[in-house]
Amino acid sequence: MSELSYLSAAELSSVGTPTLWAVTIAGVLALLVLDFLVTRKPHEVSIREALGWSAFYIALPLAFGAWIWSRYGGQQGIEYLTGYLVEKSLSVDNLFVFMLLLAAFAVPAVLAQRVLLYGIAGALVLRAVFIALGAAALQTLDFAFLLFALILIATAVKLLRDALSGHEQEVDINKMRSVKLLRKVMPVVDDYHGTRMTIREGGRRALTPFALVVVAVLATDVVFAVDSVPAVYGITEDPYLVFATNAFALLGLRALYFVLHAALSRLVHLSYGLAVILAFIGLKLGLHWAHGIWKGVPEIPTLASLGVIIGVLVVVTITSLRATRDSGDGDRTVVHEVQGGGPGGHSR
């Protein structure tokens, strides 16, 4: 390798033994199966139910973090907790987009959690793929950290520009590429038929709006994976910890959505906070890359990163709540329904 290749395969250390990987993946799959069993009968989620599951999915990763700390030491424990906090904060923005999509497709309340669960399952698969690609890049590319830094800084700039523009976020079903493609492949009916994705109508197999919204949610998962995986690699270089933080952050989204549904529209400054966090992690990655070449370049400690991230999230939460305190709802969503009475439109 060249002189710039200061991170080799041997140096990319991980606490993840084959046994630990197997147990973790099995645990994640078991929790997914449990969620699918819980949602097998469509029903509206009560706040009590959502709070119960949210408490479980917060306590579980925190307990796991305590185990990481006691088993592998404080450095790995701090890296895990910081990475988890980054992923959880980014997942709140994911929830806001999911909220827009569910509203745009007029998803019945009883089907909402099943749509979210499909999105979470898809996100887990995509994150696993991106995490593997990220680990391979760190082992083979001299400039991988610099590349990740540029991705995060570019994302931060876009978030900040969108926030400063003052334009409300929009979801126009007619303009979504995934929806356009599906309508070209198969006809789409107007009405939901429970959790069925296809039905037979007029002798032909047709898609339901449930299928459209699931595909739309999965398409957004790709965009989120591009941001979140480099972000957590900016906290820890351990692929196992990267996977664990992503998995735990995503598994609790179904319940968290119903807990935060009313509050999401009040977090009007969240984009500013996420822009700062992503830019900060991008700077941290850039300094880490430069430190591997010029030892005199300082690095940002993970503990300092944890403090910055917590501080930013606290500030934007307080300022958001104050900004929307007198406005009633602070709603920042704009939804455009398809002409013709439903998400299916008349593309038959």
Side-chain angles (χ1 to χ4, degrees), residues 31-32 35-36 38-39 42-45 47 49-51 53-54 57-58 86-127 155 159 162 168-173 175-179 182 192 195 197 208-229 231 246-268 270-271 273-274 320 329-338 343:
L31 288 170
L32 270 179
D35 272 353
F36 272 103
V38 169
T39 61
H43 64 280
E44 292 192 41
V45 179
I47 189 62
E49 178 185 352
L51 285 172
W53 281 107
S54 292
Y57 277 117
I58 290 175
V86 168
E87 289 303 310
K88 204 64 178 176
S89 61
L90 290 173
S91 71
V92 173
D93 203 42
N94 294 23
L95 286 181
F96 181 73
V97 176
F98 290 164
M99 183 175 70
L100 290 175
L101 288 172
L102 292 178
F105 283 92
V107 177
V110 295
L111 301 179
Q113 60 177 338
R114 181 50 70 97
V115 172
L116 293 170
L117 195 52
Y118 277 115
I120 292 167
L124 281 169
V125 173
L126 288 169
R127 299 292 172 87
T155 303
L159 278 173
D162 291 344
E168 295 174 310
Q169 297 191 37
E170 297 184 359
V171 172
D172 189 339
I173 297 175
K175 295 180 180 179
M176 297 185 70
R177 294 177 183 175
S178 58
V179 174
L182 286 176
Y192 284 88
T195 58
M197 294 194 181
T208 66
F210 186 83
L212 296 187
V213 67
V214 167
V215 171
V217 168
L218 292 176
T220 63
D221 286 338
V222 178
V223 179
F224 289 129
V226 173
D227 301 337
S228 65
V229 172
N246 271 269
F248 280 125
L250 288 170
L251 284 171
L253 285 188
R254 176 182 63 85
L256 188 62
Y257 173 86
F258 297 100
V259 173
L260 296 181
H261 186 273
L264 282 174
S265 61
R266 295 193 61 188
L267 298 177
V268 292
L270 179 62
S271 294
L274 293 179
S320 294
D329 54 18
D331 191 8
R332 54 174 180 164
T333 68
V334 175
V335 176
H336 294 284
E337 288 285 352
V338 175

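Computed over heavy atoms, backbone and side chain alike; hydrogens, waters and symmetry mates excluded. This is a predicted model, so every value here is computed, not measured.
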Query raised in the report: What do the steps show when you test Leu251 against Leu32 for side chain to side chain contact (heavy atoms under 4.5 Å, CB included), and what is the final call?
Result: CA-CA 8 Å; Leu251 284 171; Leu32 270 179; 4.2 Å; yes

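- For the ring pair (Phe, Tyr, Trp, His ring centres under 6.0 Å) test, no residue two or more places apart in sequence or in another chain qualifies with Phe98.
- The shortest heavy-atom contact between Ala249 and Lys88 is O-NZ, 3.2 Å.
- Not counting sequence neighbours, Asp227 has no partner by the salt bridge (charged side-chain N to carboxylate O under 4.0 Å, His left out) test.
- Every side-chain hydrogen bond (donor to acceptor under 3.5 Å, both in side chains) that Tyr57 has, sequence neighbours left out, goes to Asp35.
- Separation of atoms OH (Tyr118) and CG (Leu111) is listed at 11.0 Å; rounding is to 0.5 Å.
- Side chain of Arg114 to backbone of Phe36: a donor-acceptor contact under 3.5 angstrom is found.
- Taking CG of Leu90 as the reference point, atom CG of Leu270 lies at 9.0 Å (rounded to 0.5 Å).
- Looking at heavy atoms from C-beta onward, Val97 lies in side-chain contact with Phe224 at the 4.5 angstrom threshold.
- The shortest non-hydrogen separation linking Val86 to Ala231 is CG1-CB, 4.1 Å.
- Qualifying side chain to side chain contact (heavy atoms under 4.5 Å, CB included) partners for Val222, counting only residues two or more places apart in sequence or in other chains: Leu126.
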Requested in this report: Evaluate the side chain to side chain contact (heavy atoms under 4.5 Å, CB included) criterion for residues Phe105 and Val115: first the C-alpha distance (whole Å), next the side-chain angles of each, then the deciding distance (0.1 Å), finally the verdict.
Outcome: CA-CA 11 Å; Phe105 283 92; Val115 172; over 6 Å; no

Requested in this report: List the steps and the verdict of side chain to side chain contact (heavy atoms under 4.5 Å, CB included) for Asn246 and Ser228.
Outcome: CA-CA 8 Å; Asn246 271 269; Ser228 65; 3.8 Å; yes

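- For the pair Leu253 and Leu116, the minimum side-chain heavy-atom distance is 4.5 Å or more.
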Can you give the donor-acceptor pairs under 3.5 Å from side chains of residues 213-220 to other protein atoms, not counting sequence neighbours?
residue : atom : partner : partner atom : Å
Thr220  : OG1  : Val217  : O            : 2.6

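- Atom OG1 of residue Thr195 and atom CD of residue Gln113 lie 11.5 Å apart, to the nearest 0.5 angstrom.
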Query raised in the report: When you look at Val45 and Tyr257, which way does the side chain to side chain contact (heavy atoms under 4.5 Å, CB included) test go after all the steps?
Result: CA-CA 10 Å; Val45 179; Tyr257 173 86; over 6 Å; no

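- Within the model, atoms CD of Glu49 and CZ of Phe258 stand 8.5 Å from one another, a figure rounded to the nearest 0.5 Å.
- The distance from atom CH2 of Trp53 to atom CD1 of Ile58, rounded to the nearest 0.5 Å, is 14.0 Å.
- Annotation for Met197 and Ala211: closest pair O-CB, 3.4 Å, computed over non-hydrogen atoms.
- The side chain to side chain contact (heavy atoms under 4.5 Å, CB included) test applied to Leu51 returns Ile47, Val259, not counting sequence neighbours.
- Taking both residues in full, the closest heavy atoms of Ala112 and Leu102 are given as CB-CD1, 4.2 Å, listed atom of the first, atom of the second, then distance.
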